[in-house]
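Taking it in order: structure first as structure tokens, then the write-up.
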Amino acid sequence: MELPKEYDHNTLEEKWMNTWQDSMYYFDWDSQKPQFIIDTPPPYPTGNFHIGNALNWCYIDFVARYKRMRGYNVMFPEGWDCHGLPTEVKVEEKHGITKSQVSREEFRRLCVELTETNITRMRKSLRRLGFSIDWSNEYITMEPAYFGKTQRSFVQMHNSGMIYQQNHPVNWCPRCETAIAFAEVEYDSRSTALNYLNFDKLKIATTRPELLAACVAVAVNPDDERYNSYVNTELKVPVFGHNVKVISDKNVDPTFGTGVVMICTFGDKQDVRWWVEHSLPLRKAIDKTGKMTELAGKYKGMSTTECKKAIIADMKESGILYKQEELPQNVGLCWRCKTVIEILSERQWFVKIKQDDILNTANEVTWVPDYMKVRLENWTGTMEWDWCISRQRIFATPIPAWYCTSCGKTKVAKEEWLPLDPTQTQPLEACECGSSEFRGEADVLDTWMDSSISALHVSGWLSDHPLLLPAQLRPQGYDIIRTWSFYTILRSKALLDKRPWDTILLNGMVLGEDGHKMSKSRDNFVIPEEVITKHGADAFRQWAAIGGTTGSDIIFLWKDVVAGSRFLQKMWSIVRFSLPHISEKPASFTPIDLWLISKLNRLVKETTEKMDAYQFDETFKAIRGFAWDILADNYIELAKSRLYGEDGKGKQAAQYTLFVAIETISKLLAPFLPYFSEEIYSHIKQESIHLQPWPQVNESLIDADAESTGELIKEMTSAIRRYKAENGMPLNAPLNEIEIYSTITDASDIAGASNSTIKLKSGVPDFEMVAKQIKPNMKVLGKTYRNRAKSIAEALVNADLNLACAGSITLQVEGEEITLDSSCFTVEKERLLKGKAVDILEVGNSTIVIVR
RNA sequence: GGGCUCGUGGUCUAGUCGGUUAUGACGUCGCCUUGACAUGGCGGAGAUCCGGAGUUCGAAUCUCCGCGGGCCCA
């Protein structure tokens, strides 16, 4: 059956997608094969699988398919990280409600409903991209089967003292009305006014006059002689009139403002540090919604912005504020809604951060690329306080705890009671005080509490299966090192005292064609579906493979995708040509067959090494280069005359060589191009290529001599081609007569490829060999003669050519006599003909004589 | 302000534990419709490897300084 001339990606990709069985990719919990568990990132179900995700999944699929072919028991699970604010916001938008207008249960139900719709859409994208996902190991974090584990992890860590409750300053988003972790704070440069105030006997400068009501101390630098005498005295706070102490602290910058700073609870993180260090009192002037409290007197009920405006106007009028200047400032923002965060002291749940544990565990993991580890190390060192895990939201894993209504004591659930929602159920035992009246904890868990046990979940933790931790691979983007990597390492260590994975593979960010991060506002946004429709999943996957080095940012370029689909068409043409000619029956190879086979084995060796090192770009480029350049442009051209010619040994050898090459290449391509490779393999064998083993290297067939002989034949052929091109002949034009003086023993392929008769001659043609110039070998000279190498090289170039041809040169360099043997230089020679009507082509040590 | 990272023909990119014709793709120019492929083949042009200094016999590669981009943070 002849293949159609064009490769039709639309039809064929659809065909295979609908043919493949999910069970091909199931992980076998009872297998004897070595395990390869991948801790796939669970995407947030927005409904759209964006191109950055797609890049990451391509990497994962390359690895999964490769490892399966290498004989591993591979798990490529698919998770969905459902909980979180964006879905709550979407639900409010979609139904035109706010979360307080419906019951908690009803609001949760609407969130679940939206999430399920989105997951269904995203599953389709994953299938269409040809990912070999193990759907028997799908997990959905909002389902009881998963969030029950999140809750059990909470209980276990609470019982081991890793989780505790405390009144502590936390980052607070007044719009979302919830505490957030450091990882959720973004920073932005703004400009603000620095206000100079008459503050009792002193003058201070502050950017936050609205916090005057929350002022708990005034600080000066201990070395600042202007203010030494005021330390430990009391000052009356302007406007509000309460007294605060003057303290000294070396972290006060005497050159900033007036050198006097007011400490409020809390203006910024520095206030928190001073507050802790000097055991200062707490004055809450801002409430959870960002409004001023009673403490702010007449400003009560105003937002911080309104209050700032009002108090500045008042103080200007009363002469308290005597100067203002512009000041650039960085403010913390809520990463979800970009609202300026406040620092409030609230009772929250925290996870202890043991920096040494995290750093030591990170060191047990192989980081690819290795420099990414530094990011985790730097982040680990900068945490100001423990991980705040409680959130004042609804759509998240409930914190399994209650408060006794009579004694106020906290009761945390027992593991066997889980999963549960404490706002819906009561604990199964009474409080120590005897009361059985409880109020359920309404706070919920940070979503990272869900996703940070993904590695444990997929490895069989708290299941009927054996625990297979550590997993082998964590693939993720470098943007979430400080969150997902950090928290996963923390949790795995805390819960099981083990590293979560053997290796972490970081991918870069996808940039738009203009080199900037893709965003709708820049109009450089591309969705995977658009690419698939135009060029197919395999072309998209090629862009992912060759667009850039693993770990670095990668620009999405349409031309790369187009180049991908061109390669598919080229490969298709190769197969289309080859199919009628291939044969599985071995025969004795000719020199050019041996060359091809040697190169092919070298390719298998190289690609195996590079895949093991996660170098997808280099792997794919090597395969493509072999198929296009070596196989198509050279081998097939050279073997064509045998393939079309008379039956016989030579023909058989070419047929067999071609078979081996096509079969091997399809297998090497299988991890990258699942659809295309399956289609071409289906014309050779009846089984799926995705169940075949990865090609084995046959070292004995990698033969440098065979390669140089083949290379010589190839070079001679292209020299003849070039000759024809230069003389304006078509490439298939026969030449009068060709004589070849060379070490090769078989010129029939050259004859076929050049469509000419060839006389193979031994020895040297009847030409004069004239030495032309001496070329120094710097590699040898440099090592041997070090700093004299340069002057020796200069002398060498001008040395006697006759001596050079004899193999040894003696030179006078800097007054010293130096003898160089032939390893130090090469003599370039020119052959001059003696009056025959011919053209001469030189290839290495061989000479081609073309009789005109 | 700090950490990490990148800066290679017009464009994108490989090479980066030092070795003298710097890889490939796209684009471009010329030739070729040859029995797999014109979505092709053959050939050419095009790069002071961001700038400067240093180390070295020798630097795209190592060191330092500077300039510019990206990411993460303060």
Side-chain angles (χ1 to χ4, degrees), chain A residues 2-3 5-7 182-183 185-187 268-270 330 332 369 371-379 381-384 477-483 506 508-509 511 513 515-517 535 542-543 546-549 551-560 562-581 615 617-618 621-622 624-625 628-629 631-634 636-637 640-641 643-644 717-718 720-734 753-755 775-794:
Chain A
E2 198 179 324
L3 300 185
K5 196 168 174 179
E6 285 188 17
Y7 178 68
F182 281 115
V185 180
E186 262 182 22
Y187 293 86
D268 58 21
K269 271 161 75 177
Q270 186 55 48
N330 284 298
Y371 58 77
M372 289 290 182
K373 184 165 77 179
V374 180
R375 296 191 179 207
L376 182 104
E377 289 168 345
N378 290 345
W379 171 250
T382 65
M383 315 284 304
E384 296 269 347
Y478 62 68
D479 54 335
I480 50 174
I481 288 176
R482 69 197 168 116
T483 47
L506 284 313
M509 301 295 115
L511 308 176
E513 292 212 284
H516 290 96
K517 207 167 185 171
H535 301 283
Q542 274 183 85
W543 159 77
I546 61 177
T549 316
S552 60
D553 289 346
I554 154 167
I555 298 183
F556 178 85
L557 295 171
W558 279 103
K559 69 176 182 65
D560 284 351
V562 173
S565 72
R566 291 229 172 112
F567 173 62
L568 292 179
Q569 180 56 44
K570 179 71 185 183
M571 198 62 219
W572 184 250
S573 300
I574 294 171
V575 174
R576 182 163 167 265
F577 166 80
S578 303
L579 281 181
H581 295 294
Q615 292 171 326
D617 56 332
E618 293 192 35
K621 283 174 183 171
R624 189 178 64 179
W628 205 314
D629 181 41
L631 178 64
D633 293 345
N634 287 292
I636 289 182
E637 290 306 324
K640 240 177 199 174
S641 61
L643 291 166
Y644 281 125
T717 312
S718 67
I720 296 169
R721 274 187 198 152
R722 208 175 307 125
Y723 174 83
K724 288 181 180 176
E726 279 162 8
N727 288 284
M729 301 179 193
L731 290 183
N732 64 341
S754 56
N755 197 23
K775 207 180 166 198
N777 185 350
M778 292 311 293
K779 203 165 180 175
V780 175
L781 288 177
K783 272 186 185 147
T784 317
Y785 297 100
R786 313 304 297 175
N787 57 353
R788 283 184 300 165
K790 205 173 214 171
S791 30
I792 291 174
E794 277 165 19

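Note on naming: letters A, B, ... go to the chains in the order of the sequence lines (proteins, then strands), and numbering restarts at 1 for each one. What's counted below: heavy atoms across the whole structure, side chains too, no hydrogens, waters or symmetry copies.
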When you compare B/U11 with B/G58, how far apart are their P atoms, in angstrom units rounded to a whole number?
32 Å
Quick one: A/L506 CG to B/G70 P, roughly how many Å, whole number?
21 Å
Specify the separation, in whole Å, of atom CD1 of A/I481 and atom P of B/U5.
12 Å
If you only use heavy atoms from C-beta on, which nucleotide in B/A14, B/U11, B/G3 is closest to the side chain of A/N378?
B/G3
Over all strands shown, is A/E637 touching base, sugar-phosphate only, or nothing at heavy-atom distances under 4.0 angstrom?
base
Assess whether a salt bridge exists between A/K621 and A/E618, defined as any Lys/Arg side-chain N lying under 4.0 Å from an Asp/Glu carboxylate O.
no
Does A/R566 make a side-chain N or O approach to OP1 or OP2 of B/G40 shorter than 4.0 Å?
yes
So, does A/W628 get its side chain near the phosphate of B/G24, meaning an N or O under 4.0 Å from OP1 or OP2?
no
Please measure how far the C1' atom in B/G43 lies from the corresponding atom in B/C50, and state the result in whole Å.
33 Å
Does some side-chain heavy atom of A/Y478 sit less than 4.5 Å from a side-chain heavy atom of A/D553?
yes
Taking a pair as Watson-Crick or G-U wobble with both distances under 3.5 Å, which nucleotide is matched to B/C71?
B/G3
If the cut-off is 4.0 Å, is A/K570 near the phosphate of B/G41, judged by side-chain N/O to OP1 or OP2?
yes
What is the distance from CZ of A/F556 to P of B/C26, rounded to the nearest Å?
16 Å
Residue A/R624, side-chain atoms from C-beta onward, closest of B/G15, B/A25, B/G41
B/A25
So what does A/R375 touch, heavy atoms closer than 4.0 Å: a base, only the sugar-phosphate, or nothing?
base
Identify whether any heavy atom of A/D560 sits under 4.0 Å from a base atom; if not, whether one sits that close to sugar-phosphate; answer base, sugar-phosphate or nothing.
nothing
Holding to side chain to side chain contact (heavy atoms under 4.5 Å, CB included), I want the full list of residues that pass it with A/L568, two or more places apart in sequence or in another chain.
A/Y7, A/D538, A/Q542, A/L673, A/F676
Across every strand shown, the nucleotide meeting Watson-Crick or G-U wobble geometry with B/G19 (both distances under 3.5 Å) is B/C57
Taking pairing as Watson-Crick or G-U wobble with both contacts under 3.5 Å, can you name the mate of B/U33, or confirm there isn't one?
none
Nearest whole Å is fine: how far is B/U56 C1' from A/R788 CZ?
17 Å
B/G51 to B/U13 separation - C1' atoms, rounded to the nearest Å:
22 Å
Atom CG of A/D479 and atom C1' of B/C71: how far apart are they, to the nearest Å?
9 Å
Between A/Y478 and A/K5, name the one whose nearest nucleotide on RNA chain B is closer to the 5' end.
A/K5
Aromatic rings A/H581 and A/F577: how do their planes relate, parallel, tilted or perpendicular, breaks at 30° and 60°?
tilted
Which nucleotide wins on minimum distance to the side chain of A/Y371, given the candidates B/A25, B/C42, B/C4?
B/C4
Between CD1 of A/I554 and CG of A/D560, what distance do you get to the nearest 0.5 Å?
7.5 Å
I need the CG-C1' distance between A/L557 and B/C26, as an integer number of Å.
9 Å
Determine the interatomic distance between P on B/U21 and the same-named atom on B/C49; round to the nearest Å.
15 Å
Which value, in whole Å, describes the distance between the P atoms of nucleotides B/A22 and B/U39?
32 Å
Atom-to-atom span, CZ of A/F577 to P of B/G35 - whole angstrom
12 Å
So which one's nearest nucleotide on RNA chain B is more toward 5', A/I555 or A/N755?
A/I555
Integer-rounded Å distance: B/C26 C1' and A/K621 NZ:
12 Å
With the side chain defined as heavy atoms from C-beta on, A/D553 is closest, among B/A14, B/G70, B/A25, to B/G70
Quick one, A/I574 and A/I636 - any side-chain contact, counting heavy atoms below 4.5 Å?
yes
Validation row: A/L506, A/R375 side chains within 4.5 angstrom (heavy atoms)
no
